[in-house]
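Written below as structure tokens is the structure these notes are about.
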Amino acid sequence: MPELPSRDGSPGLEGAVVGRRIVEVKVLGRRTVRRQSPAELVTRLEGRKFATAGRRGKFLLLSLDDDAVLVVHLRMSGQLLHLSGAQRWPMAPHTHVVVALRGRDRASLRRSADLREWSSPPRSTVAAYPSSSRISGGTRCSKGCRPPTLAARLAGRRAGLKALLTDQRMIAGIGSIYADRSVSGQSSVLTAPEVVERGEVTSLAKAARAVLRDAVASRGSSLRDLRYRDLDGEVGSFQERHAVYDRAGERCRRCGDHVERLKIGARAAYLCPGCQL
DNA sequence: CGCATATCCTGACTGC
DNA sequence: TGCAGTCAGGATATGC
């Protein structure tokens, strides 16, 4: 299921929207636009061109050709759909925002189903914008993946590693699945940082970096649209390499012990008693 | 402040 | 087969 906007730098999204002009924006959902009124969003977007496509943590950032940036967060079930002008576009259920683009040759449409957050703050405020959402990371995992930074951020905290790692202030982009994947060795998702040894923080940071890199790389499929990857996703070798995640009762791929499932907050967590102590 | 819990929404899945 | 119920996923408001 979803965790990270697909493709670092979002070439799929980039190819679909960068350089294209927005001719019309319709807001259909009532709770989709945040931090501003739907009318303001529409006014900011219509007539503008998309200049760049990027990402910051789990936020998609589409800069416009003026001083604004379109910020999109898909939360858990959000999805972006792209349909070219040649395609018919039956309105999918729960379509919240529709953005019509002017194409090179003819009109094409970008449709968004089930978006959970759209806003368009001025570009000058973007660095500050994610702070309201408590994002500290950059494009991929930025400073949070540096062991000293991670160690500093974990210092003094008493909650378990999973609860902490999924806080975007630790390492932007880490979600439930990637948190589980990042933890191994002497620690588990339940371990409090105070008992985590220094060397383990280093491997934690390295693991998180690797998880994000692999996750982003392994979704390079033929999809033109932008969507979160599916945990049971068809192609990706990624989920096949989970050692413990979503493998309750099965054998850990690292040590062969039986994987246990537990709940941390409202989320499932998996741990292997053999190699995660 | 830190931590836990409830809540939002939808598609997938489970059980009757 | 259809329908109701449950759950996962990310962020955040609320309560302690």
Side-chain angles (χ1 to χ4, degrees), chain A residues 1-6 27-36 55-61 71-81 90-97 111-119 121 129-137 141 144 152-182 189-196 208 211-212 215-216 219 225-234 236 238-239 242 244-249 259 261-271:
Chain A
M1 281 307 191
E3 285 227 4
L4 213 57
S6 69
V27 177
L28 308 171
R30 293 197 308 135
R31 325 170 80 125
T32 302
V33 177
R34 311 213 179 187
R35 299 177 167 87
Q36 65 191 155
R55 159 167 92 69
R56 183 181 176 89
K58 298 171 186 175
F59 288 81
L60 296 171
L61 304 177
V71 178
V72 177
H73 195 303
L74 303 182
R75 300 286 176 112
M76 296 194 279
S77 50
Q79 187 179 28
L80 281 176
L81 300 175
M91 188 70 78
H94 313 297
T95 297
H96 289 190
V97 178
R111 184 186 60 186
S112 314
D114 183 28
L115 297 186
R116 296 317 169 84
E117 171 157 353
W118 281 55
S119 59
Y129 171 86
S131 72
S132 64
S133 303
R134 315 200 306 183
I135 285 276
S136 69
C141 63
R153 290 178 180 172
L154 290 173
R157 306 296 297 267
R158 294 171 163 268
L161 283 177
K162 173 153 185 167
L164 294 171
L165 287 176
T166 49
D167 183 332
Q168 297 301 290
R169 286 173 294 187
M170 291 293 164
I171 302 175
I174 294 286
S176 179
I177 297 171
Y178 303 159
D180 284 8
R181 276 189 66 115
S182 301
V189 290
L190 293 173
T191 311
E194 55 188 351
V195 300
V196 176
V211 162
L212 289 172
V216 168
R219 88 194 60 213
D225 52 348
L226 175 88
R227 62 174 64 180
Y228 281 134
R229 83 191 304 282
D230 190 319
L231 175 62
D232 301 311
E234 54 283 48
F238 193 61
Q239 93 279 354
H242 288 323
V244 297
Y245 190 85
D246 201 24
R247 292 174 56 76
V259 174
R261 177 186 190 278
L262 37 113
K263 271 208 153 187
I264 296 178
R267 295 284 162 264
Y270 298 86
L271 68 83

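Order of the sequence lines sets the chain letters (A, B, ...), proteins ahead of strands, with each chain counted from 1. Scope of the values below: all heavy atoms of this structure, side chains included, with no hydrogens, waters or symmetry mates.
- The side chain of Q168(A) contributes no N or O atom lying less than 4.0 Å from OP1 or OP2 of dG10(C).
- Checking the phosphate oxygens (OP1, OP2) of dT10(B), a side-chain nitrogen or oxygen of H96(A) falls inside 4.0 Å.
- In the helix from dG2(B)-dC16(C) to dC16(B)-dG2(C), the terminal helix axes, each the rotation mapping four pairs' C1' atoms onto the next four within five end pairs, subtend 40°, rounded to 10°.
- Within 4.0 Å (heavy atoms only), R267(A) reaches at least one base atom of the nucleic acid.
- Distances from the side chain of A159(A) to the nucleotides dG10(C), dG2(B), dA4(B) place dA4(B) closest.
- Considering D180(A), T166(A), L165(A) as possible partners of V189(A), the one that fulfils the side-chain contact (heavy atoms from CB on, under 4.5 Å) test is D180(A).
- The side chain of R157(A) contributes an N or O atom lying less than 4.0 Å from OP1 or OP2 of dC3(B).
- Using a 4.5 Å heavy-atom cutoff, the side chains of K162(A) and L190(A) are not in contact.
- Taking side-chain N and O atoms only, H73(A) has a distance below 4.0 Å to OP1 or OP2 of dA11(C).
- Here the closest non-hydrogen pair linking I174(A) and A208(A) is CD1-CB, 4.0 Å.
- Side-chain contact check for V196(A) versus L154(A): every heavy-atom pair is 4.5 Å or farther apart.
- In this structure A248(A) satisfies the side-chain contact (heavy atoms from CB on, under 4.5 Å) test together with R261(A), Y270(A), sequence neighbours excluded.
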